[in-house]
Amino acid sequence: MGKLWDRAVGALKDQNSALVATLSRRTALRNPEVEAAVIRATSHNAAAFDYASVEKVYGWIRASPNVFKPLVWSISRRMEKTRNWVVALKGLMLMHGVFCSKIPAVRRIGRLPFDLSNFRDARSHSGKMWAHNDFIRAYFAFLDHKSALLFLHPKEQTFTSTPIMQALETLQKMQDLLDKTLKIKPHSHATVVPLFIEAMDCVVVEIFDLHIRIRSVIAKILPKIRSTSKVEAEVALKVTSRLRTQTQELNDHFELCYELGVTNASKPSAENAISKDQIQELEDIVNGDCSPDKTVVKEEMSLVPATKEGDGVRIVMDHWETFDEDDNFAGECYHFHSHPSLALCNNILQLEQCKENLPDPITFD
């Protein structure tokens, strides 16, 4: 009875808020139609999304740049006012989809214009909402960090024109972002509900994208370390050692997601991209035991190889860019399962077969 009452109250709140929004005056920041659509897309209903409103929002920002500011303002206003975990989570997923829409204006946001770092559901006093609060805070921290990175990199970077140290610094920032992404996970069975599973489907896409980009850049950098300084070798050693740790954390994370029923987690099969021999050679350069001219990479690195048929995770992006001719990743294709929530992470396409290369790694889209 209590849940039915909460659902009825939430529906009434959404209806009233949408009505007030449609009657508001249009300004440079306020668009009544956009505001109403955001309210419907972030309703209090934990059982379902209003996908029609979600698609409408994304259609608007792709069609007209004038809609972007009112959209971000509407989401921010909705997030700042709510103390309901359902509204907060839907708002973060909606904002996540905005980042995936590849609108140039996304890179000009900077830090998110709302703050959920200390979010607490109105029912937190019951002691049962701590896991919901932690999930939302972690999701917000990831999106806020990603937004800041996009602002710091207003233009996409390509490895071929990037100095080694700058590429290594970019890698470290990407690894920081991956760490924040891996923290987004259910911490109790109370959060193993459809809405959280849908959110995790979007997060899993982000994790794989980041992990592959990081591994791809490292694969390009390591052969060039032989002609760099000791300082660059030290940074490369930190990055590669951290990658091995993150790869194991990713496997553990995907094991958890797979057990919880997150469709896109599939069966984890990510292997360490950097061998112990490669790390040892970097250590030798740093310690002066060998010349930097010594080739660091002895063996070809692979991207999430599948050891058994059917065990691999295949990833498909919405557009494809080729590596330079010396890249070793041609012909690989990875696939995510279809899921309704992917409308919120509008960067996935379903393809039965794919022979294109993976996208250029040093970007934050």
[Y] backbone acceptor or donor facing [X] side chain under 3.5 Å:
X    : Y    : value
N133 : D121 : yes
D50  : A41  : no
Q175 : V239 : yes
Y258 : H253 : no
R78  : T42  : yes
T82  : M79  : no
E80  : D115 : yes
S147 : G110 : yes
T240 : L237 : yes

Kindly indicate whether the side chain of [X], heavy atoms from C-beta on, has any atom under 4.5 Å from the side chain of [Y].
X   : Y    : result
L71 : W60  : no
W73 : T27  : no
K81 : F114 : no
L94 : K90  : no
V57 : V34  : no
P32 : R26  : yes

Item to complete: Would you please indicate if the ring centroids of Y139 and H96 are separated by under 6.0 Å?
Response: yes
Practice prompt. State yes or no: are the ring centers of F196 and W85 separated by less than 6.0 Å?
Written response: yes
Ion pair check, [X] and [Y], cut-off under 4.0 Å:
X    : Y    : result
E35  : R77  : yes
K146 : E206 : yes
R213 : D209 : yes

Item to complete: Flag yes if more than 12 heavy atoms outside Q15 fall under 6.0 Å of its CD atom; otherwise flag no.
Response: no
Item to complete: Please check if any side-chain donor atom of S43 sits under 3.5 Å from a side-chain acceptor atom of N45, or the reverse.
Response: no
Worksheet item: Do R137 and S117 have a side chain donor and acceptor closer than 3.5 Å?
Response: no
Item to complete: Might you work through the side chain to side chain donor-acceptor pair (under 3.5 Å) test for D252 and Q248, ending with a clear yes or no?
Response: CA-CA 6 Å; D252 294 342; Q248 183 56 54; 3.0 Å; yes
Worksheet entry | Axial cation check for F142 ring with K183, 6.0 Å and 45° limits | no
